[in-house]
Amino acid sequence: MATAQLTTLSISTRNLASFQGLRPSEAVKFGPSVGHLTGLSQRSFKGLVVKAATIVTPKYTSIKPLGDRVLVKIQTAEEKTGGGILLPTTAQTKPQGGEVVAIGEGKTAGNTKVDLSVKTGNQVVYSKYAGTELEFNGSKHLILKDDDIVGILETDDVKDLKPLNDRVLIKVAEAEVKTSGGLLLTEATKEKPSIGTVIAVGPGTLDEEGKRKPLSLTPGSTVLYSKYAGNDFKGKDGLEYIALRASDVIAILS
């Protein structure tokens with residue numbers, strides 16, 4: 001089964017967590033000299049906390065998720081660049097994908113028992129801040145809810161992602177390369193757009209009776225979405241994509 005290397009596109013306070021295991025939560029305390037050394041104040045680090053993996057000792061030989069939980073073996077971070085240059089650990093981008101190795105028995109909606117959206121063996125993409133990280137049998141795993149899985153990847157290209165539940169896959173519109181006055185913009189100064197074309201949509205959310213409520217969005221629509229929502233990816237075609245919840249889509253443009 002194909003495996004894709006899925007990485008975030010940019011480093012910011014918002015997605016720093018996906019690079020270095022930091023997650024929004026309570027404040028982390030730093031020594032008084034940190035701000036002077038880095039040019040950042042202690043306030044810059046407020047809301048970030050180090051997230052360490054739970055180590056499962058060798059005496060335990062299996063993990064069985066319960067309910068709507070799913071156990072994913074995390075894809076190994078890329079150790080080399082495309083040109084074959086070895087990357088130090090600090091420069092390796094934390095992946096957002098992996099293989100489903102175990103699933104729970106399902107969930108209940110009203111009086112209806114609902115099967116999970118994924119099966120063992122599926123290659124999946126998951127939300128950046130989801131789940132509990134585990135060290136098990138020498139590999140990193142993540143145990144998370146079925147709803148935290150963004151989609152199933154059946155090829156090695158993110159543009160072929162099959163969104164799950166209320167997720168939507170959008171091809172991001174290309175950023176402007178010139179200002180209104182005709183000045184060329186560098187990559188660093190280009191404003192990232194919040195407009196794109198819907199590529200694929202999930203089957204929708206479950207209602208109280210366990211029935212799917214189809215999404216109102218359709219492939220081909222041009223939409224405006226929340227600036228800080230979703231998971232950013234880069235396809236093999238060099239274009240940028242984003243997977244987010246339908247509720248993060250603000251408007252349809254025509």
Side chains of [X] and [Y] in contact at under 4.5 Å (non-hydrogen atoms):
X      : Y      : result
Ile143 : His141 : no
Ser127 : Arg167 : yes
Leu169 : Phe233 : no
Val70  : Lys145 : no

Establish whether [X] and [Y] are linked, either directly or via other cluster members, by ILVMFWY side-chain heavy-atom contacts under 4.5 Å.
X      : Y      : answer
Ile152 : Leu142 : yes
Leu164 : Val124 : yes
Leu215 : Ile242 : yes
Val125 : Leu239 : yes
Ile63  : Val100 : no

Handout entry: Residue pairs passing the salt bridge (Lys or Arg N to Asp or Glu O under 4.0 Å) test where at least one lies in residues 100-118, sequence neighbours excluded
Key =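 Those involving residues 100-118 are Lys107-Asp146.
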Exercise for the section: Any pair with a residue in residues 57-74 that passes salt bridge (Lys or Arg N to Asp or Glu O under 4.0 Å), sequence neighbours left out, goes on the list, sorted by first then second residue, please. Expected result: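 Those involving residues 57-74 do not exist here.
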Residue pair [X] / [Y]: nearest heavy atoms and the distance that separates them:
X      : Y      : value
Pro163 : Pro203 : O-CD, 3.9 Å
Gly67  : Leu116 : O-CD1, 4.1 Å
Pro219 : Ile199 : CB-O, 3.7 Å
Leu144 : Tyr126 : CD1-CB, 3.6 Å

Practice task
Please test Asn165 against Arg212 for side-chain contact (heavy atoms from CB on, under 4.5 Å), starting from the C-alpha separation and ending with a verdict.
Solution key: CA-CA 9 Å; Asn165 300 311; Arg212 290 285 178 186; 3.0 Å; yes
Handout entry: Listed partners of Asp147 passing side-chain hydrogen bond (donor to acceptor under 3.5 Å, both in side chains), at least two apart
Key =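 For Asp147 the side-chain hydrogen bond (donor to acceptor under 3.5 Å, both in side chains) partners, ignoring immediate neighbours, are Arg245.
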Practice task
Give me the one residue out of Val249, Asp166, Ile170 that meets side chain to side chain contact (heavy atoms under 4.5 Å, CB included) with Leu217.
Solution key: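 In the set Val249, Asp166, Ile170, the residue that makes a side chain to side chain contact (heavy atoms under 4.5 Å, CB included) with Leu217 is Val249.
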Problem - Candidate list Leu253, Val198, Ile252, test side chain to side chain contact (heavy atoms under 4.5 Å, CB included), partner Thr222, passing option - result: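 It is Leu253, the one option of Leu253, Val198, Ile252 that forms the side chain to side chain contact (heavy atoms under 4.5 Å, CB included) with Thr222.
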Spatial distance of atom [atom1] ([X]) from atom [atom2] ([Y]) [nearest 0.5 Å]:
X      : Y      : atom1 : atom2 : answer
Gln75  : Leu153 : CD    : CG    : 9.0 Å
Ile74  : Glu133 : CD1   : CD    : 4.0 Å
Asp148 : Tyr129 : CG    : OH    : 13.5 Å
Phe136 : Leu71  : CZ    : CG    : 7.5 Å
Ser194 : Leu224 : OG    : CG    : 6.5 Å
Lys119 : Ile103 : NZ    : CD1   : 8.5 Å

Handout entry: Side-chain donor/acceptor of Thr155 to backbone N/O of Asp157, under 3.5 Å
Key =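 Such a contact is found between Thr155 side chain and Asp157 backbone.
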